[in-house]
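Below: the structure, in structure tokens.
Letters go in sequence order (proteins before strands), and every chain restarts at 1. Worth knowing before you read on, the calculation uses all heavy atoms, side chains too, and leaves out hydrogens, waters and symmetry mates.
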Protein chains: 2
Amino acid sequence: MTDDIVASVVRQWQAVNPELDTGPMELIGRINRCAALLQQAEDAPLRAAGLTRAEFDLLGAVRRTDRELTPGELARETFSSGAAVTKRLRVLQERGLVDRRSDARDRRVAHVRLTEEGRDLVDRLLPRQLAYERMVLSGLDEHSRTRLSTQLSELLVQLEGRIGGARR
Amino acid sequence: MTDDIVASVVRQWQAVNPELDTGPMELIGRINRCAALLQQAEDAPLRAAGLTRAEFDLLGAVRRTDRELTPGELARETFSSGAAVTKRLRVLQERGLVDRRSDARDRRVAHVRLTEEGRDLVDRLLPRQLAYERMVLSGLDEHSRTRLSTQLSELLVQLEGRIGGARR
DNA sequence: AACAGGTATTACACCCGTAAAACATTTTCT
DNA sequence: AGAAAATGTTTTACGGGTGTAATACCTGTT
């Protein structure tokens, strides 16, 4: 069994201070490191399409809910600030991928929808993206992947309850 | 079994397009979401000490290797760009937490070490940080945590081989 | 009519990474 | 040996993305 970066970091800490309870680091460090590596890899097909990860998340949120969303809803859905959403919307609109429609009743709110072009882009890009991700994960067999997913789901439920606080 | 955010996102995609092989999303989405939630929580004790996560990582790298590191080594160790390290070093030096010493032999390189104050800060902060992290993870029992760690380690080894490329 | 609360945008500051620059060393070639 | 080129290390310049806070705008209530 070869060990990963986190294991070697933990070993260094133990050498410097054996008192340290490094338990949490082993889990959190691995989650963070996996996330970093995955995101780095993950973004490759997106970059090819000239999209940021955040932009793709936004487009995906509109596509998958299959209705118009307000900027506020998009901010909650994509876990980013309202200001960030506003700016992303501006550039996506300039690129002709999304469209704003202002509400008739309540003129504070805007409704965001995909243009036909935006929708096509997502529908073309997502399968490619998923195929790429499957390739990146191909080092793990099916069983390991689902087992890992399941266990992360348990953790995620805990964390959402403990920290996430706001839910839609 | 209640389901997490990722499960509901996957369900939305399936409703919109049942053809989609969402397998990779379930794993990658959960890793990313866990990482985001953990980092958000994780940074609380650090903010209390007026440190960024990245700054703490830098200080920690110097502390745990227990020797002087060059900016280049620090960049590799903390997975960030050289420029980012330079700037962090500047502010940490202004705060009196680190110290630069230039090499006698090769005047290109600088050696970074912790000041006594910097070292004390890390030694005070890390146990507090770990205790906090343990609390955040307390929803999972010991066994689940180590199982999850182990499996993530397998994934991490795969990813490092596949993507990570550069090792020290 | 004033106010309280909600929604989106704008202003500002921060942090980061890429690319270029500045500087030092080592290697190569004559 | 000495100059030139290639390499290595750090810093600076610049542009882009993000979040917080302030602003503009709107609705519903009292």
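When each of B/Leu155, B/Val157, B/Leu159 is checked for a side chain to side chain contact (heavy atoms under 4.5 Å, CB included) with A/Asp4, only B/Val157 meets the rule.
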Verdict with reasoning, B/Val112 to B/Glu68, per side chain to side chain contact (heavy atoms under 4.5 Å, CB included): CA-CA 5 Å; B/Val112 176; B/Glu68 299 175 341; over 6 Å; no
Test side chain to side chain contact (heavy atoms under 4.5 Å, CB included) applied to B/Glu77 and B/Asp57, step by step: CA-CA 9 Å; B/Glu77 201 70 36; B/Asp57 279 353; over 6 Å; no
Audit row: A/Arg105, A/Asp103, salt bridge (Lys or Arg N to Asp or Glu O under 4.0 Å) steps and yes/no: CA-CA 6 Å; A/Arg105 298 280 184 79; A/Asp103 191 303; over 6 Å; no
Which atom pairs, donor and acceptor, lie under 3.5 Å between side-chain atoms of residues 20-28 of chain B and protein residues at least two apart or in another chain?
residue, atom, partner, partner atom, Å
B/Asp21, OD1, B/Gly23, N, 3.1
B/Asp21, OD2, A/Arg134, NE, 2.9
B/Asp21, OD2, A/Arg134, NH2, 3.3
B/Thr22, OG1, B/Gln14, NE2, 3.0

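The nucleotide range of DNA chain C contacted by chain B, defined by atoms under 4.0 angstrom from heavy atoms of the protein and reported 5' to 3', is C/dC16 to C/dT25.
When all heavy atoms of A/Ser8 and A/Asp3 are compared, the pair lying nearest together is N-OD1, 4.4 Å. Closest non-hydrogen pair, B/Leu137 versus B/Arg145, comes out as O-NH1, 3.5 Å. Among all heavy-atom pairs drawn from A/Leu74 and A/Ala61, the shortest one is CD2-CB, 4.0 Å. Taking all atoms of both residues into account, the shortest heavy-atom contact from B/Thr52 to B/Leu46 is O-CD2, 4.3 Å. Shown here for B/Val122 and B/Pro127, the closest heavy-atom pair between the two residues is O-CD, 4.2 Å.
Other residues, nucleotides and ligands contribute at most 12 non-hydrogen atoms within 6.0 Å of the CZ atom of A/Arg119.
B/Glu154 and B/Gln158 are not linked by any side-chain donor-acceptor pair at a separation below 3.5 angstrom, with hydrogens and angles left out of the test. In summary, the side chains of A/Arg100 and A/Gln93 do present a donor paired with an acceptor at a separation below 3.5 Å, with no hydrogens or angles considered.
No donor-acceptor distance shorter than 3.5 angstrom exists from the side chain of B/Thr70 to the backbone of B/Ala110, with no hydrogens or angles considered. Although no hydrogens or angles enter the test, the distance criterion places no donor-acceptor pair under 3.5 Å between the side chain of A/Ser153 and the main chain of A/Ser149.
Following rounding to the nearest Å, B/Arg76 (CZ) and D/dT10 (C1') show an atom-to-atom distance of 12 Å. Rounded to whole Å, atom C1' of D/dT10 lies 14 Å from atom CD of B/Gln93. Counting to the nearest Å, the C1' atom of D/dA24 and the CZ atom of A/Arg107 are 14 Å from each other. Atom pair B/Leu89:CG and D/dT9:P shows a separation of 16 Å (rounding to whole Å applied). One interatomic measurement links the two molecules: NE2 of A/His111 to C1' of D/dC26, which rounds to 13 Å at whole-angstrom precision.
Heavy-atom distances under 4.0 Å link DNA chain D to A/Arg105, A/Asp106 of residues 99-106 of chain A, given in residue order. Residues from residues 53-68 of chain A with heavy atoms under 4.0 angstrom of DNA chain C: there are none.
The bend of the helix from C/dA1-D/dT30 to C/dT30-D/dA1, defined by the angle between the axes of its first five and last five pairs, stands at 10° to the nearest 10°.
Contact annotation: B/Thr70 side-chain N/O to D/dT9 OP1/OP2 distance is not under 4.0 Å.
Hydrophobic clustering of Ile, Leu, Val, Met, Phe, Trp and Tyr side chains at less than 4.5 Å, counting indirect connections, unites A/Phe79 with B/Ile31.
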Pairs under 3.5 Å (N/O, protein and nucleotides 19-21 of chain D):
residue, atom, partner, partner atom, Å
D/dG19, OP2, A/Ser81, N, 3.1
D/dG19, OP2, A/Ser81, OG, 2.8
D/dG19, O6, A/Lys87, NZ, 3.1

